[in-house]
Amino acid sequence: MKELMASVWAEGLKVRKSKMFIITVVFFAFIASMMGLLMFVAHHPELAGRSAALSAKTSILGNGDWASFLTLLIQVILALGPIGFGMVTSWVFGREYADRVAKDLLSLPVSRMTIVISKFVIILCWCILLTLTLFLCGLFVGVAIKIPGWSSTNVLNSFLIFINSSILTFLLCTPVAFLACISRGYLLPIGFAILTLILTNFVAIGLPNIMPYFPWAIPALYSGIAGNELPQAEAISYFILIVVSIAGFIGTAAWWRFADQI
Amino acid sequence: MDNVIETNGLTKKFGRFKAVDSVSLTVKKGEIYGFLGLNGAGKTTTIRMLLGMIRPSSGYACINGQPVHAGNYALWNHVGYLVEIPYSYPDLSVRENLEIIRRLRFINDFHVVDQVMENLQIAQYQDRKAKNLSLGNAQRLGLAKAIMHNPDVLILDEPANGLDPAGIVEIRELLHSLAHDRGVAVFISSHILGEISRFATRLGIIHEGKLVQELNIEQLESLRKRRLLVNTNDNQNAQAILGEKGYTVNRVQNGLIELADKDAIAHPENINVLLVQGGCPPTLLRVDEEDLEDYFLRIIGRN
């Protein structure tokens with residue numbers, strides 16, 4: 001435990017002092033604000049003027065009430081999560097190689113497994129912070145622009161779906177970490193995170209029947225925002241997601257433990 | 001247990017390429033072992049195997065009698081190291097970089113960071129981000145991380161890189177004091193024999209992955225080639241005179257005469273007499289000792 005605490009502290013310091021940390025928090029807050037702005041425009045269509053694109057976007061907001069806004073926030077975390085969390089994971093693991101500092105962690109009286117676990121702990125904390133930033137900023141903006149139809153029960157239910165979707169998305173970050181390690185940098189893992197998002201959309205449109213078995217589509221199925229036309233997440237879906245997550249973790253830990261660190 | 005560092009048949013292959021080929025060496029307590037080789041000779045690969053960063057294809061390494069491998073991490077409590085250019089976390093200050101190592105080495109004494117910064121003269125840069133350090137100060141920071149926990153073993157890869165002449169002398173004195181006063185075993189790689197021979201007690205020369213020579217620093221003096229250089233106004237005639245007397249005479253590039261006979265080197269005055277009697281008085285008589293770098297290049301077959 002002493003090892004893990006020291007290692008988490010070290011990882012936390014690296015994150016806190018990085019520009020990446022500030023940038024991601026500000027970006028997630030900005031996106032929440034933009035969603036609020038979109039709701040505001042939905043209530044004041046005259047602001048959209050003759051912008052057809054803006055009108056089209058506001059039209060997806062349904063009734064423009066809190067229920068629609070909370071659904072929108074869940075959609076945002078499902079789209080932004082894989083990219084945002086993927087970037088966070090790529091940075092936490094990839095920067096050790098990009099900055100050529102990995103060797104400083106390899107011959108210390110701390111097991112390499114502890115270092116890998118502490119990195120995932122810090123990624124989880126970072127991802128939860130981003131999730132909360134998005135949700136709380138969304139709530140703040142929603143209250144500020146006086147979205148109608150507030151229901152505490154509805155907000156709480158949406159929050160639970162929101163946070164669980166985030167955790168499911170976080171669990172899928174372990175393969176990203178593995179790719180950051182084997183490629184010793186950021187590009188491949190970030191490319192992979194983007195690819196999974198694209199593939200999820202292709203699967204949803206072209207092969208909806210395999211969505212329950214495609215790990216990266218499962219958070220969307222869990223959230224229920226994909227609609228009733230699509231198949232639902234089953235027990236096997238969560239099993240597949242967890243297997244992929246564990247495989248990514250084992251791959252990352254094995255790479256740190258057994259690969260030549262050149 | 002006398003040997004602090006020991007390798008036996010240490011070999012690393014990358015595909016069909018043997019980066020390190022059957023290197024067996026030992027370093028004792030209080031010894032400074034200079035590990036010498038050209039760039040790409042296998043120094044860093046050997047060091048990474050000593051530190052458990054690369055798994056040997058065959059052979060093994062031990063530190064303090066314990067086998068080196070990634071799972072034996074308790075071993076690193078007693079080892080300090082610096083591998084290649086000492087990069088640090090660029091967005092963290094000097095103090096923060098050291099604080100990370102202090103925590104990960106479970107050193108409870110907070111003052112150790114201040115002490116090591118003082119020792120390596122980087123206290124004035126403690127709040128400067130590592131990315132803004134000069135190469136020399138980055139090297140000092142790397143050394144501070146290596147010695148902060150008072151290790152029994154120091155494994156250093158080219159620690160003098162980027163240091164100015166004063167810095168090199170400081171580091172040399174620091175390592176000398178650690179080895180002699182505290183009995184630290186120091187394994188230090190370099191590609192400059194002249195520099196490393198000033199403080200190493202033993203040398204190992206690695207070339208194309210093989211340990212081609214191991215010697216004590218005292219042996220180095222006796223193994224270096226010595227020669228007598230002679231110049232006269234008529235070197236062709238002088239060469240004939242000395243040749244007649246049975247000396248092996250060579251002409252070197254700048255036209256000087258070179259004699260490698262032990263007798264000539266020990267008694268240059270005899271050569272002087274011979275040349276004067278032959279009507280060819282010398283304008284130069286100089287016993288020349290082989291340059292350390294020339295010796296190194298000769299050993300690895302590059303000269």
Among B:L51, B:T44, B:L75, residue most engaged with chain A (heavy-atom pairs, under 4.5 Å) = B:L51
To the nearest 0.5 Å, how far apart are NZ in B:K12 and CG in A:D260?
-> 3.5 Å
Residues which pass side chain to side chain donor-acceptor pair (under 3.5 Å) with B:D114, listed by chain and number, not counting sequence neighbours = B:R95
For B:K129, is it the side chain, the backbone, both or neither that has a heavy atom under 4.5 Å from a heavy atom of chain A?
-> neither
If you draw a 6.0 Å radius around CE in A:M5, do more than 12 non-hydrogen atoms from other residues or ligands fall strictly inside?
-> no
Within residues 90-120 of chain A, residues adjacent to chain B where the heavy-atom gap is under 4.5 Å = A:R95, A:E96, A:D99, A:R100, A:V101, A:K103, A:D104, A:L105, A:L106, A:S107, A:L108, A:P109, A:V110, A:S111, A:R112
Near A:M87 CE, under 6.0 Å, is it more than 12 heavy atoms from other residues, nucleotides or ligands?
-> no
Given the rule in the side-chain contact (heavy atoms from CB on, under 4.5 Å) test, do A:W9 and B:I100 qualify, once you have shown the distances and angles that lead to the verdict?
-> CA-CA 8 Å; A:W9 180 89; B:I100 283 182; 4.1 Å; yes
Toward chain B: residues of residues 176-198 of chain A with heavy atoms under 4.5 Å = none
From A:R16 atom CZ to B:L92 atom CG, the distance as rounded to the nearest 0.5 Å = 9.5 Å
Between A:Q261 and B:R55, is any pair of side-chain heavy atoms under 4.5 Å apart?
-> no
Heavy-atom count around A:Y238 OH within 6.0 Å, excluding the residue itself: above 12?
-> yes
Other residues, nucleotides, ligands: >12 heavy atoms within 6.0 Å of B:D109 CG = yes
Residue B:H69 versus chain A: region with a heavy atom under 4.5 Å = side chain
Report the residues that fulfil side chain to side chain donor-acceptor pair (under 3.5 Å) with B:N77, sequence neighbours left out, ordered by chain and then residue number.
-> none
Using a cut-off of 6.0 Å, state whether more than 12 heavy atoms not belonging to B:F106 lie near its atom CZ.
-> yes
Counting only heavy atoms not in B:K13, do more than 12 fall under 6.0 Å of its NZ?
-> no
Is any side-chain heavy atom of B:Y73 closer than 4.5 Å to a side-chain heavy atom of A:E3?
-> yes
So with a 6.0 Å cut-off around CZ of A:F30, is the heavy-atom count from everything else above 12?
-> no
Take A:K17 and B:Y89 through the test side-chain contact (heavy atoms from CB on, under 4.5 Å) and record every step on the way to the result.
-> CA-CA 10 Å; A:K17 295 284 177 170; B:Y89 293 103; over 6 Å; no
